[in-house]
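In what follows, a structure is listed as structure tokens, so that the remarks can point back to it.
Any value given below was found using the heavy atoms of this structure, including those in side chains, with hydrogens, waters and symmetry copies removed. Heads up: numbering here begins at 1 and tracks the sequence.
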Amino acid sequence: MSVEIVGMIGAQHVSEIHPAGGPAIDPEFLRRFARAHEDGGFDRVLIGHGSGSPDGTQLAAHVAAHTERLGFLVAHRPGFVAPTLAARTFSTLDTLARGRIAVHVISGGSDAEQRRDGDYLGKDERYARTDEYLEVLKRAWTEPGPIDHVGEHYRFEGFETRVKPVQQPRIPLYFGGSSQAAYRVGGKHADVFALWGEPLAETAEQIASVRAAAKAAGRCDLPGISVSFRPILGATEELAWQRAHRILDRIHAARGGFGSFTGPKTLGNSAEVANVGSQRLLAAAAGRDLHDRALWTPTSRATNAAGNSTALVGTAETVAEALADYVDIGVSTLLIRGYDPLDDAIDYGRELLPRVRETVARRAANPAPAIS
């Protein structure tokens, strides 16, 4: 049994504790960041998307030219370009990267963020558009053409292209979301369905929902499951927890001391926590700070769960065991990134990734007996 391990890279040194500075794109830092993940043994790296961020396909093309093995998971929001153009764009990128591209589909959880790029559809409409978009995208990658399509959001005639992916039958699709609409569309289309790092019981519930949606869509296979965390490591448990609290203090300081989520009363009606994934993380954080073996939620409270924000705290051995707990319940991909992005990626490669893979292999060879 194997597990895919994914990191995350960006075009400048920035995180919740490191304010952005300098140019929006630092090519040398970007190359170093990617190489650190390749040298550390990561399988892929996520390149994120935002309304004001650099274009992820071009960042991927740049770092693909400076790496040999590392895969790239490029975040993509349907709706801003035609799916036929997206098909050619990602096919071109996959060719230049020699078959190392995957696409992470995000329909968009924030109306305000979507409107910055001129998208005024509501959430349910966005997911309906994504459903149609992915149908077209997959056809464009796999059918020889010419292709005609008449749908609610897209209409074209005679689409045909020689630009096809290196990977066959097509480029892998990852999909993010935690709402019922996300389960429905992602369960239908995704090769890997991505979740944020909730406690084990809640994660198992989400996995069941994704699998039920996939079966309802008539799939014979089931999508893989990705879960995201922010590991905070230390040479001892005490040192790891000391570092975790220093990071939390720096998050608060960066947010002017007003970053904490103060209670469940704003869940579901705050513009800042409109997406279901963030609401779920905040609900877990409202219960208690520490869950399961090492899942720590104050970092989610401090940031209003803006993105994957739950931490796993402990020695590399403790965090590896905690990550393997998720593999035991059906997770196939682990996405990890640090609050000190480059330095943490190097430390993960040295200390954490070998232990995760060893732990997963050991448990697969010696499964725990079923509890009757």
* **Pair H149-E132, side-chain donor/acceptor within less than 3.5 Å** => yes
* Asked: Are H62 and R31 linked by a side-chain donor-acceptor pair shorter than 3.5 Å?
  -> yes
* Does any N or O in the side chain of E125 come within less than 3.5 Å of the main-chain N or O of G122, such that one atom is a donor and the other an acceptor? -> yes
* To do: Using the side-chain contact (heavy atoms from CB on, under 4.5 Å) rule, pick out the option among V356, V227, L312, I5 that qualifies with I336.
  => I5
* Asked: Side-chain donor-acceptor pair under 3.5 Å between T333 and S226, yes or no?
  -> no
* Without hydrogens or angle criteria, can the side chains of E237 and T315 be said to hold a donor-acceptor pair below 3.5 Å? -> yes
* **Pair S91-D94, side-chain donor/acceptor within less than 3.5 Å** => no
* Do side-chain atoms of R139 reach the backbone of D148 as a donor and acceptor pair under 3.5 angstrom? -> yes
* **More than 12 heavy atoms from other groups under 6.0 Å of CZ on R350** => no
* Asked: Honestly, is R184 close enough over Y127, meaning NZ or CZ under 6.0 Å from the six-membered ring centre and within 45° of the axis?
  -> no
* Asked: Would the Y133 and H76 ring centres measure less than 6.0 Å apart?
  -> yes
* Mark yes or no for whether S107, through its side chain, and T130, through its backbone, hold a donor-acceptor pair below 3.5 Å. => no
* Asked: Between Y183 and F193, what is the ring plane arrangement, given parallel below 30°, perpendicular above 60°, and tilted in between?
  -> tilted
* Quick one: are the ring centres of F29 and H13 less than 6.0 Å apart? -> yes
* **Charged N-O contact under 4.0 Å between D39 and R32** => no
* Asked: Can you check whether T310's main-chain N or O pairs, donor with acceptor, with W296's side chain at less than 3.5 Å?
  -> no
* To do: Classify the side-chain pair R246/Y339 by whether it contains a donor and acceptor separated by less than 3.5 Å.
  => no
* Aromatic ring pairing Y348/F42, orientation class (parallel under 30°, perpendicular over 60°, tilted between) -> tilted
* Structure fact -> Residues A311 and I232: closest non-hydrogen pair is CB-CD1, 3.8 Å
